[in-house]
Participant: 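Sharing a structure with you now.
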Amino acid sequence: PLNYNLYAPPPPPHFNLHLNPNERTVSSFFIDDNLRESLQKRNEACLQTFSNPSIPDIVGVYHSLVPLNNNFDNNSARYGAVSHMYKATSNKDARLYALRRIENVNITDKQAFKTIKAWSSIENSNIVKVHEAFTTTVFGGNSLVVAYDFYGNAKTLIEIHFQNQPELITEQHLWSYLIQLVNALNEVHDKGLAVRSIDLSKVIVTNKNRIKLSGCGIVDILQHENTEDIAQLQKKDLELLAKLLYDLSITSIYGSVSFDDKTQDQIIDHLKFSDDYKATLKYLISADFNLKEIQTRIAPRLLDVIDGLQNSNDFIESQLSTELENARLVRLMSKLSFLHGRPEHEGDPNWSESSANYPLTLFVDYVYHQVDERGYPVVDLAHVITCLNKLDAGIEERILLVSKDEKNCIIISYKELKTLIEEGFNELRMRKDI
Amino acid sequence: PLNYNLYAPPPPPHFNLHLNPNERTVSSFFIDDNLRESLQKRNEACLQTFSNPSIPDIVGVYHSLVPLNNNFDNNSARYGAVSHMYKATSNKDARLYALRRIENVNITDKQAFKTIKAWSSIENSNIVKVHEAFTTTVFGGNSLVVAYDFYGNAKTLIEIHFQNQPELITEQHLWSYLIQLVNALNEVHDKGLAVRSIDLSKVIVTNKNRIKLSGCGIVDILQHENTEDIAQLQKKDLELLAKLLYDLSITSIYGSVSFDDKTQDQIIDHLKFSDDYKATLKYLISADFNLKEIQTRIAPRLLDVIDGLQNSNDFIESQLSTELENARLVRLMSKLSFLHGRPEHEGDPNWSESSANYPLTLFVDYVYHQVDERGYPVVDLAHVITCLNKLDAGIEERILLVSKDEKNCIIISYKELKTLIEEGFNELRMRKDI
Amino acid sequence: NLASSLEQATMLPPPANSDIIPADSDSTVPLSSIGMPYYDQPLLSNWPFDMKFSLGHVPKKINPELINSSKSVVENYNAHAFGQNNLPSGMGVNMNIPGVFKTDTDTRIAVYSREKYGPRNVAQPYYRLHDRSNQKNKFVPKFISERLDVDEKSSSTAENTNSDFKDTLYEQLFDCKPHSSQEVPYCFTKLDIHYSKFGVHDFDFEFFNKTNLSGLESHVQSAYCNSLLQLYRFAPLMFNYAVGSLAEESVDNNSLLTELGFLFDMMVKASGQHIAPSNFQKMLSKIPEASRILDIYNNGYNRDEHSQRVLIQSFNNFLLERISLDEMNQAKSNAPHIFNTIMGIPVECEFIGVGCGLRKIGNTTLYSLDVRHPKTNNVVLNKKLNHSIIPYIELALSRNLSVNMACDNCNETHAFDTLYTVKDLPPILSLNLELTNQELSELKASKTNWLASEFYASMNKGRICLKSITTGFRHLKYELLGYVAQVTDKEGNSNLVTFVKVGKDEWFLFNDFLVMPISEHEVLNLNYWWKKPVIVIYKNSESTNMFDYEGWRQNLNQDILYRDHFSRGTREGKIIEYELLTKEEAPQPGTLVAIDAEFVVIEPELVEFNSDGTKKVIRPLKNSLARVSVLRGDTGPKEGIPFIDDYVIIEEPINDYLTSWSGIEPDDLNLEKSKRSLTTLQAVYRKLWLLLNLGCIFVGHGLINDFRTINLSVPKQQVRDTAELYFLKKEKRKLSLKFLTYAVLRREVQKGNHDSIEDAKAALMLYRKYIQLNNTGELQHTLEE
């Protein structure tokens, strides 16, 4: 396992670098390190392999199964059966999927799968997408396998808020979770389905503050014979949702308030959250709670969330933009290095001052080999990145490149330099074909 | 084996993006099909320079002004004066700003700027942030200049929907614009301000379907002597908002329905949008329209937007997850280039065979200047990155580096090279302090 | 051992032009397709987290001289390819293989020089713009009002450090030697006046001038003229002539000579205080030829170097010609006899008709010589000639030109070969150096001072010969009096300054309002790339060195004080509120007069505001005198009776009559409609100037502003300003006339508009009261009320 700290060691915690508004450090030119690290970890999780004879090589169209570590055992609680999770790759489209396997099921009727088609048509940012469901014997016995989208390194709400350095549950979290779950339920209920498994262990956190309902559709399959009215099931969904939020909310006063002699409403009063939230929570646990009304009740919050999402969208887009630029820079810097300083060109009269290479040589000095007034080297990453970005874009701005002996100089635009480099590079590549 | 920090295939959601506009679902509404291209164009717009003696070099603390092309002339309509826009760089914080200049103003009292402080405190994802305002004489005459955040390649609603291959206005657009404008107005009115310039030419689109109000604060300055009641001005904002949506909505039935003999309500009936939308539009143009109520009315639509934004966020993040190593490579390559080939080192006996420079020079040849057995250049970026990755980690693997005259060679490990380069780089940086 | 190491070492991988990762910039193949090996040490790609990088520099422009001297790459290549080697040395680099640069490329190549442009690849340091003057900031002194605050609050230790700091600041400010080859010393750069809310007088001009020689303000039209005016101010004959001409009355003939005289007189009386040459500029803008030739409304700083030099030289020619015309006008003579004896250069012209052989001889008088590079006279370029100005001047003494003229013989207009010969040199010799940038840069190669501090002129076979040393023969010695120099910085901004000898051997630098002594060595040193001589004055060493400051007193014409001088008509139909002086009332030194003036606005203040609350005055309010009333002030029966109440004709468009303050109605100043005693500014000015020079003491309220707009420099001893006398020191507040009238005199406040006669009267009475209170010791008490 890698020590990600070595990748870009963070500065010491109390270090305060006094920057003027126009000054930057190295990190400002590149993707935020925390973001990068979390994405790298996610990639790593995606690439995990596992070879163990106990796991079949192929299950349905899936292969390369890797068990996902669930550090708790009450995965049986919700389903009434033991369940396992795996990461797997699909043969069909080479993508990654999360397989949830319930062992020892007894499914004999394809009616069991009647809701799966509806479930797989749901594309909601707060629901882990269901793909397909099937039974299989490759594990020994009859197992139900349901395939979902795979989210690397995702953790359940239990893991986040109740285990291993649990994250504190703030009012912001609660509002955010409420809104996301309402978003999910809205679509689910609109499609005439019910989740039936809303539970802290079946809600995963996939990025910062994004939650998704996982394991949808399984209860439908396991209890397909049970023909409860959909309206009833949907009402239960609301109750489970309320319970989930209530359970999360009261963790904030564990130990400081005794719950024994109080009604839920009374307990809610003790919460150290805003009146607005407490009122909303009371409404949730009441019998009146319905989806249409909750939306209108929390409409201003919805706008806040929209504002927040737009901002985080802008942020991450700018990170992407930076890294796309950096990708281009790597390619550009490589081209410069491919062309510049080739041993076979030294001493070749065609490749000295009488060619396109000359401006290139001067340009490399201009970018990387600046000095200060007294002749000492100046290491300025900002200058390098600015110049190379301008070169990549090929702008009209002209720069002054002075010869090494300082006797003459050329005035050339980035646009022209870009053309010279492209042509030089193509010539280099095609040289053997001549 | 180079197993670490590899990219993994992009995580879900997997959208089918290249669909017709009316086939796109609301959940992918905010996802840009050509995200990379858009971002690249935006970066290039930020790098543009312009040199023309008609534009002053320095305006206040801003320099490097580039006129922004407004392909329409009604920039005078809203302000009653000729206005120009420029991209500029701030000397204070080195960021890019959009300067809006109104020429020939007669401002003799700093009271004109009394709302600017409040405007500049607004940070809303649907408002282009105001920074400062000032008058200047450098353009000849007395000009008002207001500085805003700069968005590269942003287009106004007029340009998007009414010019050059106009984009079709779907119901989703309308809901989305309405919600974003309500978000903006909410904050503006809460702060006791009024926009006063809500107009198709003063709304820009900065990312996919994200709009922002531009040019805020200008009317306040130009009409600062006009002391209309703020409540009145805010009411006018609502009317302008309604008008904007109305104007956008009816483009869908231009030509197919005659407007002459109809009331607005009647015209709305003809629209081919959902009943829900039509009802909302009628509400907007009515006198009852107020911000608090509209939020509750359109709450379900708010959830739709949340869903779309969350998806967009996830999408961008997934794109980002394949671009995580670029930063590292840029940092590494630039470190090498700072050190390698410095003019002051040529001919310096200390910087030749008895120092870090020599192995470095040979290494650079090894990485970038490979030839095949017939002496033709080999251009292989994969080889470059492989070597650089090994160097970055500093592994024990040893390589054979041959001198240019092919008479000597050294055998050196990546680990040793790494140490030499790190020391050389530090020496370079510290040289002036010695 | 080597063999096994070789085995273990990785050989070069087999060549593969693989495109696993395309190098193509648009490729989307992730660079992370190739992974990292396992690492347990910090990566090499790490950079120190405490490295700071600066961004946001104002981009440094490529030196315009480089661009101008550059050639297109294609042109350069063609020149090489076809063996044309007339490129300046060093441009031997051939940069174009056919096909690499397209013919429409804009890439250019030029000769570079490290001395001129600096070493290569120097990183550009970051400068904060802040207030539009980066390094200059340290030389902007505190406003006087700010300084008073600080001085009062500071403890002794703070004061000490303040003055230490100030000393080093002064050293740097007045340091005329550059400390790097790229830098122009601050004392030569264009200086800005900064305005606080208290106006121009709050700017600490004294910071820039510790001498008793007055500098000229730069924020006026045609401020480039300042440099030449300072030069002539210190030419004794010129000074005496201009000041002496003031003895005569010349009020209606737009005489620039008269204005020059008044200006010189003011510069002397101001004794080191700053002055704005506003009346001189006003007169200049009235003269039609001036606005045609010169760029009246531009302050001359936005031009390129060469055209700025042409501009100041044109002004030189114009000024001298105009003075000669003014003398002729005033003296009603057919030639400016006096001026000709000072600066007149008699020239004989011999015309020979081309083709017809007609020979004509004429004579004319020039006032300045155009000095050109010897080669323009078709003289073979002799290296020796470059080393001194003397051969340049000598060659300018005769010129061959071809002129088209009407021929008496042929009755048509055709070319004439013309030979101009200077017959004699005047006591003050004015030289316009018409040299190109290239020619000027060649001067620096000379080992001795190109600007000779003296030369000797003698007559030889009808021609004037100039030598650097005396030959003992009959000669006239000329010494360098001074010159106007152009200073150009790296960015191509040019400023005009003056070096001039004052007294026997003391040299001074004048840069608008900056005045400082400077060594002769520095004056003559032309080795700086940024310094170019433009107009040079030599003075005959036998001509007088004495400045006659009282030259106007001889036969002083005071008539105008005793008569009406209306621009139109007589007293009939006019509102006359004054009583003319009689001869018995002739002003003496110490005569008390009360004065008040009214102004109208020509141009309002131009201010730049910022939303963060700061503001900057770009151009202060521009006023013009509209009415002035002077009352008798001495005790006696006529105390308080006005003897001057003149309304002034204003020819510029008036922005605001300020009627509620000034009492001036638009029609009052209209020549057609006015019922007032309208007269010219020159006439009014002369009256006031006479009163000043006859020693009158002026009583008024807020006179510092009045005198500034009138453009009169009144010594402190001759001013009794009730605003200063009744000044509340603790609150630093000046009290208004209205308030004081009410409070101190217990009189009815003026109803309606101001009236200068009333105001002057009020000031006079306040003054009387002040004397009374002061004597009885009640002043302090009254003030506190």
Side-chain angles (χ1 to χ4, degrees), chain B residues 1-7 36 57-58 61 63-64 89-94 107-108 110 112-113 116-117 132-137 142 322-326 328-329 331-332 335 370-373 378-383 385-386 389-395 397-400 411 418 421-422, chain C residues 2 5-6 8-23 26 28 30-41 43-48 51 54-59 61 120-121 126-130 132 491 604-615 618-619:
Chain B
L2 304 172
N3 287 339
Y4 296 89
N5 295 108
L6 274 173
Y7 94 102
R36 282 167 188 251
D57 292 331
I58 299 181
V61 298
H63 61 83
S64 309
T89 309
S90 159
N91 168 264
K92 252 170 75 169
D93 65 10
I107 294 174
T108 48
K110 66 179 174 160
F113 295 141
I116 293 297
K117 195 158 183 215
E132 62 169 347
F134 55 95
T135 59
T136 177
T137 51
N142 209 13
T322 60
E323 302 295 335
L324 299 175
E325 296 303 308
N326 310 339
R328 178 181 61 79
L329 287 170
R331 290 198 297 266
L332 180 59
K335 228 182 193 179
Q370 296 228 316
V371 291
D372 64 14
E373 28 333 294
V378 168
V379 171
D380 186 352
L381 190 55
H383 168 70
I385 295 183
T386 306
N389 283 356
K390 291 179 180 176
L391 176 69
D392 209 4
I395 62 177
E397 175 183 337
R398 292 151 91 195
I399 50 177
L400 178 72
I411 297 170
K418 174 175 172 177
I421 292 168
E422 185 69 30
Chain C
L2 183 60
S5 317
L6 274 176
Q8 287 168 18
T10 312
M11 303 299 289
L12 284 177
N17 236 337
S18 65
D19 264 345
I20 298 175
I21 302 188
D26 293 327
T28 56
L31 297 172
S32 46
S33 302
I34 296 187
M36 293 275 287
Y38 178 74
Y39 51 91
D40 55 5
Q41 298 292 317
L43 297 180
L44 178 62
S45 54
N46 281 328
W47 280 59
M51 272 185 96
S54 289
L55 285 173
H57 310 67
V58 177
K61 290 203 180 140
R120 77 192 280 258
N121 285 344
Y126 170 78
Y127 285 123
R128 256 188 8 140
L129 271 179
H130 193 49
R132 268 179 235 104
E491 272 109 47
E605 180 183 62
L606 189 56
V607 182
E608 287 182 355
F609 294 95
N610 190 303
S611 54
D612 63 5
T614 58
K615 73 177 201 183
I618 302 296
R619 212 180 47 220

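Chain naming here is simple, since letters A, B, ... match the order of the sequence lines and numbering starts at 1 in each.
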Participant: Under 4.5 Å from any heavy atom of chain C, what part of B:Ser90 do you find: side chain, backbone, both or neither?
Facilitator: backbone
Participant: Please classify the contact of C:Val58 with chain B as side chain, backbone, both or neither, using a heavy-atom distance under 4.5 Å.
Facilitator: both
Participant: Side-chain contact, heavy-atom cut-off 4.5 Å: B:Leu6 with C:Ser32?
Facilitator: no
Participant: Could you grab the distance from atom CG of C:Asn46 to atom CZ of B:Arg328, nearest 0.5 Å is fine?
Facilitator: 10.5 Å
Participant: If you count heavy-atom pairs within less than 4.5 Å of chain B, which of C:Ile34, C:Leu55, C:Val607 leads?
Facilitator: C:Ile34
Participant: Check whether B:Asp93 gets within reach of chain C through its side chain, its backbone, both or neither, counting any heavy atom under 4.5 Å.
Facilitator: neither
Participant: What are the two closest heavy atoms between B:Lys390 and C:Pro37, and how far apart are they?
Facilitator: CA-CG, 4.0 Å
Participant: Distance check, rounded to the nearest 0.5 Å: C:Ser611 atom OG versus B:Lys110 atom NZ?
Facilitator: 11.5 Å
Participant: Could you tell me whether a side-chain N or O of C:Tyr126 sits under 3.5 Å from a main-chain N or O of B:Asn91, the two making a donor and an acceptor?
Facilitator: yes
Participant: Measuring only between side-chain heavy atoms, which start at C-beta, is B:Asp57 closer than 4.5 Å to C:Lys61?
Facilitator: yes
Participant: Please report the shortest heavy-atom distance between C:Leu44 and B:Lys418, naming the atom on each side.
Facilitator: N-CE, 3.6 Å
Participant: Atom CD of C:Gln41 and atom CD1 of B:Ile395: how far apart are they, to the nearest 0.5 Å?
Facilitator: 13.5 Å
Participant: Where on B:Lys117 is there a heavy atom nearer than 4.5 Å to chain C: the side chain, the backbone, both, or neither?
Facilitator: neither
Participant: Quick one: of C:Ser33, C:Ala23, C:Ser54, who has the most non-hydrogen atom pairs under 4.5 Å with chain B?
Facilitator: C:Ser33
Participant: What part of C:Pro48 gets within 4.5 angstrom of chain B, counting heavy atoms only: side chain, backbone, both, or neither?
Facilitator: side chain
Participant: Looking at CZ of C:Phe609 and CZ of B:Phe113, how far apart are the two atoms once the value is rounded to the nearest 0.5 Å?
Facilitator: 7.5 Å
Participant: Go through the atoms of C:Leu606 and report whether side chain, backbone, both or neither lie under 4.5 Å from a heavy atom of chain B.
Facilitator: side chain
Participant: Looking only at heavy atoms and a cut-off of under 4.5 Å, which of C:Thr614, C:Asp612, C:Thr28, C:Asn121 has the most pairs with chain B?
Facilitator: C:Thr28
Participant: Just give me the residue among B:Leu329, B:Leu324, B:Thr322 that pairs up with chain C most often, heavy atom to heavy atom, under 4.5 Å.
Facilitator: B:Thr322
Participant: Ignoring hydrogens, what is the shortest heavy-atom contact between B:His63 and C:His57? Give both atom names and the distance.
Facilitator: CE1-O, 2.9 Å
Participant: Got a second to check how far B:Thr135's OG1 is from C:Glu608's CD, nearest 0.5 Å?
Facilitator: 5.5 Å
Participant: Counting C-beta onward and ignoring hydrogens, is there a side-chain heavy-atom pair between B:Ile385 and C:Ile21 closer than 4.5 Å?
Facilitator: yes
Participant: By a 4.5 Å heavy-atom criterion (distance strictly below it), what part of C:Asp40 contacts chain B: side chain, backbone, both, or neither?
Facilitator: neither
Participant: So which part of B:Leu391 gets closer than 4.5 Å to some heavy atom of chain C, the side chain, the backbone, both or neither?
Facilitator: both
